[in-house]
Amino acid sequence: MADTSSLESQAEMPTIYEPQQWEEKLYQWWESMGFFRPEQQIESGLADPDAPPFVISMPPPNVTGVLHLGHAITSAVEDMLIRHHRMAGRPTLWLPGTDHAGIATQNVVERKLAESGATRHDLGRARFVQEVWDWKDEYHGQISGQQRRMGISCDWTRERFTLDDGLSDAVLEAFIRLYNDDLIYRGNYLVNWCPRCESAISDLEVEHEPVDGKLYTFRYPLRDPSGASSANHVEVSTTRPETILGDTAVAVHPEDERYAHLIGGTALVPILEREIPIIADEHVDPQFGTGALKVTPGHDPNDYQIAQRHNLPYINITNVDGTLNEAAGPYAGLDRFAAREKLWQDMAAAGLVVTDKPHVHEVGHCQRCHTIVEPLLSTQWFVKTKPLAEAATAAVRDGRVKIVPERFERNYYHWMDNIRDWCISRQLWWGHRIPIWYGPDGHQFAARSESDALEQAIEIYGETVELEQDEDVLDTWFSSALWPFSTLGWPQFENGEATGDAASHASDLARFYPTTVLETGYDIIFFWVARMIMMGLYFTGEAPFKYVYLHGLVRAEDGRKMSKSLGNALDPLDLIGEYGNDALRFTLLTGSTPGNDMKLTVSRIEANRNFANKIWNAARFVLMNLEADEVALDKESGPNSITYALPPVAAQNLADRWILSRLNAVQTHVTQLIENWQLGEAGRQLYEFLWSEYCDWYIEAAKPRLYGGQPEEANATRQVLAYTLEQSLRLLHPFMPYVTEAIWSHLPGVAQHAESLMTQRWPTAVGQRDTQAEDSFGRIQDIVRAIRNARAEYNVEPGRRIAAVFAGSGHTLVHENLALFTSLARLDAQQVAIESSANGSDAGPSVQLNAGGLTTYLPLAGMVDLAAEQKRLQKELDNVDNQINRATGLLSNVNFVGKAPQQVVQRERDKLEELESQRKQVAASLEQLTA
RNA sequence: GGGCGGUUAGCUCAGCUGGUUAGAGCGAUUCCCUUACAAGGAAUAGGCCGGCGGUUCGAGUCCGUCACCGCCCACCA
């Protein structure tokens with residue numbers, strides 16, 4: 001076996017599980033062993049080379065960012081899925097990487113430069129870009145270090161970066177193909193402009209937020225052809241007075257009688273006194289404001305449309321930095337908001353102002369820097385999205401891509417159906433530069449390099465000419481859209497051949513594409529998921545993944561979005577440091593359902609840390625009772641499945657049969673739940689099983705047999721203890737990889753035969769549910785609980801062993817499991833009597849408990865409060881009567897009996913029978929007590 | 001203006017295609033340092049499942065509607 005001596009040195013298990021002692025060491029070991037790589041999985045025999053691979057493209061974090069809880073939940077979910085499928089024997093590939101994150105990264109570096117008073121323009125393009133690369137190199141190590149602390153079992157040998165050579169090549173290829181297919185075009189349109197970033201941004205990058213503004217109403221002066229001066233204006237409202245300077249018309253509704261006489265007339269732009277027409281357009285809402293609309297085609301999308309319909313001129317009054325230009329006349333040079341104030345004052349002086357009332361309206365802000373976005377006419381590059389969107393819609397409609405939870409498919413359709421062309425050019429320096437060169441006459445050459453472009457140019461011009469490359473870079477999401485296939489070797493290995501000294505991963509595209517699951521937060525469906533589907537279909541003919549699993553957003557305890565400025569953000573690395581990786585990820589996995597947000601409460605992380613510690617201590621108990629040379633292994637099951645042998649059924653007692661049946665159930669349920677994407681529920685079931693059944697009951701039930709039983713009994717118990725623990729660790733491993741691996745490395749026998757828990761086979765349910773054992777053990781639990789309850793009620797000292805008489809037809813249960821009862825309920829074995837008749841007690845005043853199908857008498861000498869007991873039993877009787885009435889009513893309802901499924905009716909009959917016998921018991925007890 | 005989600009115990013949340021008397025964690029109360037674990041154990045209390053109406057033998061679960069909270073999309077000046 002491999003060198004795990006560093007692990008085995010921790011032979012002694014301390015009483016508390018300390019994640020810090022394990023996490024880094026285990027992670028380094030896992031990674032160094034190659035467990036994260038599909039090749040190793042196949043070589044080791046864990047993965048079936050013929051099984052369909054399970055592949056996830058990791059959403060690449062921003063390379064200069066800091067990981068937050070959104071990354072933590074992404075990591076937790078993806079790692080869970082990967083670990084599960086790896087154990088299940090599919091070759092798994094989880095491909096990691098980072099994103100150059102255009103605007104975000106450039107902003108960060110620009111801010112850094114600003115500290116020393118410099119701008120990117122001071123450095124120039126080449127030096128600035130080099131500065132960003134340096135920054136990237138520094139931060140990349142930080143990010144991947146953080147990712148490793150998240151414990152993600154991804155294949156680092158395949159790590160990619162959106163600006164590395166291969167991916168840049170993919171971007172070139174994609175752009176050029178789309179360009180040649182007329183799906184990319186350049187044009188002068190109204191775009192969203194961020195005056196702070198000094199770049200265009202896409203519709204998606206605009207966030208609308210309500211802003212307290214004003215609705216300004218003013219008089220639009222009219223040129224009156226008749227010369228009359230009485231009604232020489234029309235009132236118009238706006239929220240942005242400065243745009244008046246760019247007006248090219250005043251519009252009214254064609255059927256608005258109030259203004260019919262004005263149509264065809266001329267208005268005068270205030271202050272500038274430029275003449276503009278008065279037109280009629282359906283878009284104007286006569287009910288809103290004054291019913292007359294100023295038209296600013298250069299700075300308003302609606303007005304832009306109106307201008308197109310009426311052939312109006314477009315005037316741009318704004319510079320790239322948000323100041324006004326010479327078209328604004330006397331306001332040139334002022335910032336747009338300063339100009340707004342000044343113009344309004346000037347208009348007031350000119351007697352044109354009517355009112356300015358407070359007005360809350362939705363205003364677009366830049367997603368990255370929160371500056372108010374300005375609609376601006378500018379020449380940009382666009383992707384023609386309609387045809388791409390139609391194909392992408394079809395892929396979801398016909399089920400090639402399934403979105404979990406399904407309701408997000410509606411969102412997706414709605415967006416796709418209303419999609420607008422995607423503005424992909426950015427006036428930045430950090431990113432993939434647009435591969436277009438312009439000839440002297442503006443002719444465009446799409447090329448992979450300048451020399452390619454020059455060759456093309458010679459064909460056109462017949463001679464060598466000077467070409468200039470487009471200055472802009474592409475939207476960072478353009479490269480992200482290619483991620484699932486660009487990272488696997490597209491376009492280099494598009495046709496499958498891996499030639500020459502090609503990378504050893506040459507066949508990745510063929511082997512691992514399309515990927516299996518795309519897992520991410522629902523907030524980037526449009527930014528990323530939708531675009532990957534569009535591009536994947538277009539370039540590879542296949543949807544890039546089969547499933548989209550969307551997790552909810554992690555919110556602060558106050559329900560708000562976590563953010564540094566609000567001071568309510570928790571740092572996942574701090575949480576990992578304090579509570580352990582397992583505790584955090586288990587909390588994230590079990591804290592919500594797909595697509596629903598979660599408020600992360602520290603108390604839950606703490607509870608899950610306690611859970612890790614609980615399992616650790618359960619394992620300590622088991623190991624204390626295992627003597628390595630005595631524990632039999634079941635070696636039949638193969639190298640990745642070696643576990644403890646089970647004792648023959650004849651040697652198993654009721655508790656053994658019960659816990660094995662429960663394990664069987666949990667294995668089945670958890671596997672089904674994972675297959676149905678109910679990851680949280682799967683985790684919760686494991687929690688319940690391990691804590692409430694294995695620890696609280698099975699281990700307690702095992703103690704009397706281990707300490708007081710015959711050697712063969714003790715041995716059988718040890719085997720079941722060990723087997724159940726080992727199998728449970730496998731089931732829990734995807735949810736809590738570290739503590740399970742740490743424990744597993746201590747398991748005598750199995751850990752010597754195999755390297756790691758993470759490369760063990762996912763359990764398949766062995767044998768059958770043992771309903772008889774589950775029922776009997778359930779009765780024991782009921783009786784024990786009833787006795788414990790009575791002890792607590794009567795304040796019996798916890799250590800005191802008490803007498804008990806069991807009576808009733810089910811007494812063989814007690815007979816066969818006497819040691820269990822005496823141990824679990826602290827009974828005095830010398831003073832336990834079992835009577836077959838129902839009237840078992842003549843030992844004086846007793847507490848009578850009716851549970852588990854028999855009556856238990858506790859002769860608590862001198863302590864029994866007869867009146868209280870009578871009251872308690874009466875209450876119990878009433879309760880049983882209520883239930884009997886309910887069941888009787890149900891069963892006498894012909895509709896129920898006739899229409900409900902047979903098993904439901906039968907269950908009700910069985911229940912009634914049980915209730916009736918219980919009633920007899922309780923009634924008898926009551927009678928006896930009063931007698 | 002469209003659309004989506006939520007509303008279940010004091011708090012944070014489960015409850016999958018309708019089928020026992022609705023669950024967990026935290027918190028609360030009482031007791032216990034019992035040789036796996038006090039990051040623990042035993043027990044207890046606490047819920048008209050947001051309101052109203054409907055479908056059904058049967059509704060926390062399905063349908064309609066209303067209320068409140070949150071989110072997404074959207075070109076109302």
Side-chain angles (χ1 to χ4, degrees), chain A residues 13 15-17 208 215 236-240 243 251 283-285 287-290 292-296 300-305 361-362 375 405 407-408 410-411 414-415 418 522-523 525-526 552-553 555 557 559-560 579 587 590-593 595-604 606-625 672-673 676-678 680-681 684 687-688 692 695-696 699-700 703 707 785 788-793 795-799 826 879 882-883 886-887 890 893-901 903-905 907-908 910-911:
Chain A
M13 292 177 77
T15 55
I16 286 182
Y17 169 63
H208 291 92
L215 185 62
V236 173
S237 297
T238 180
T239 53
R240 296 186 294 156
T243 63
H283 170 262
V284 181
D285 178 0
Q287 309 301 321
F288 188 91
T290 65
L293 175 69
K294 60 186 275 309
V295 181
T296 320
D300 184 279
N302 287 315
D303 297 0
Y304 182 84
Q305 307 253 318
H361 57 136
E362 293 284 325
R407 68 180 133 91
F408 283 100
R410 279 185 68 139
N411 274 30
H414 182 261
W415 188 73
N418 296 286
Y522 64 76
D523 53 334
I525 297 177
F526 307 137
L553 273 32
R555 298 183 171 279
E557 237 161 306
R560 293 191 292 178
Y579 300 101
T587 304
T590 57
S592 75
T593 39
N596 286 335
D597 294 352
M598 146 173 36
K599 283 172 213 147
L600 187 67
T601 53
V602 174
S603 70
R604 288 195 58 242
E606 215 173 291
N608 289 324
R609 173 206 54 186
N610 296 352
F611 176 48
N613 192 52
K614 184 74 181 178
I615 307 158
W616 177 262
N617 277 288
R620 284 182 64 230
F621 172 82
V622 174
L623 290 167
M624 280 175 193
N625 286 285
Q672 278 170 359
L673 286 165
N676 289 324
W677 305 100
Q678 294 181 255
E681 185 60 21
R684 284 186 289 271
Y687 182 103
E688 284 297 309
S692 307
C695 291
D696 287 352
I699 285 183
E700 293 309 316
K703 285 175 182 173
Y707 303 144
R785 284 196 194 100
R788 285 171 174 172
N789 182 2
R791 293 179 61 118
E793 290 288 313
N795 293 316
V796 177
E797 306 88 276
R826 290 233 145 212
N879 185 26
N882 282 341
Q883 289 184 61
R886 191 193 146 276
L890 204 52
N893 182 338
V894 288
N895 281 323
F896 173 72
V897 178
K899 294 185 183 175
Q903 353 163 330
V904 174
V905 177
R907 202 188 305 155
E908 211 57 43
D910 295 346
K911 196 170 75 186

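Proteins come first, then strands; the chains are lettered A, B, ... in the order of their sequence lines, and each starts at number 1. FYI, side chains are in, hydrogens and waters are out, and symmetry mates aren't considered; it's all heavy atoms of this structure.
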Is the phosphate of G40(B) approached by Asn617(A) (side-chain N or O, under 4.0 Å from OP1 or OP2)?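 Looking at the OP1 and OP2 atoms of G40(B), neither is under 4.0 Å from any side-chain N or O of Asn617(A).
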OP1 or OP2 of G41(B) versus the side-chain N and O atoms of Lys614(A): is any pair under 4.0 Å? yes
Selected nucleotide, minimal atom distance to [X] side chain, candidates [options]:
{"X": "Ile16(A)", "options": "C76(B), A39(B), A42(B)", "value": "A39(B)"}
{"X": "His414(A)", "options": "G15(B), C73(B), A36(B)", "value": "C73(B)"}
{"X": "Ile699(A)", "options": "A36(B), A43(B), C37(B)", "value": "A36(B)"}
{"X": "Val284(A)", "options": "A36(B), A77(B), C73(B)", "value": "A77(B)"}
{"X": "Thr15(A)", "options": "G19(B), A77(B), C37(B)", "value": "C37(B)"}
{"X": "Ala900(A)", "options": "G19(B), A39(B), A36(B)", "value": "G19(B)"}
{"X": "Phe896(A)", "options": "A43(B), A77(B), G19(B)", "value": "G19(B)"}
{"X": "Asn610(A)", "options": "G40(B), C73(B), C31(B)", "value": "G40(B)"}
{"X": "Tyr522(A)", "options": "C71(B), A77(B), C26(B)", "value": "C71(B)"}
{"X": "Arg410(A)", "options": "C75(B), A36(B), C4(B)", "value": "C4(B)"}

Nearest-Å distance for atom pair [atom1]/[atom2], residues [X] and [N]:
{"X": "Tyr707(A)", "N": "U35(B)", "atom1": "OH", "atom2": "P", "result": "10 Å"}
{"X": "Arg407(A)", "N": "C71(B)", "atom1": "CZ", "atom2": "C1'", "result": "11 Å"}
{"X": "Arg826(A)", "N": "G41(B)", "atom1": "CZ", "atom2": "P", "result": "16 Å"}
{"X": "Lys294(A)", "N": "C76(B)", "atom1": "NZ", "atom2": "P", "result": "16 Å"}
{"X": "Asn895(A)", "N": "G58(B)", "atom1": "CG", "atom2": "P", "result": "8 Å"}
{"X": "Tyr304(A)", "N": "C76(B)", "atom1": "OH", "atom2": "P", "result": "18 Å"}
{"X": "Arg788(A)", "N": "U30(B)", "atom1": "CZ", "atom2": "P", "result": "21 Å"}

Under 3.5 Å donor-acceptor pair, Gln678(A) side-chain atoms to A14(B) base atoms: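 By the distance-only test, no, there is no pair.
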P-based separation of C72(B) from G25(B) [nearest Å]: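 Between the two P atoms, the distance is 34 Å.
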Might you list the N or O atoms of the protein lying below 3.5 Å from N or O atoms in nucleotides 7-13 of chain B, with each pair's distance?
unit_1, atom_1, unit_2, atom_2, d
C13(B), OP1, Lys599(A), N, 3.4

Measure from NZ or CZ of Lys614(A) to the centre of the six-membered ring of Tyr687(A) and say whether it is under 6.0 Å with the direction within 45° of the ring axis. no
Secondary structure of RNA chain B per the Watson-Crick/G-U criterion (both distances under 3.5 Å; [ ] crossing, | other strand, . unpaired) is (((((((..((((.....[...)))).(((((.......))))).....(((((..]....))))))))))))....
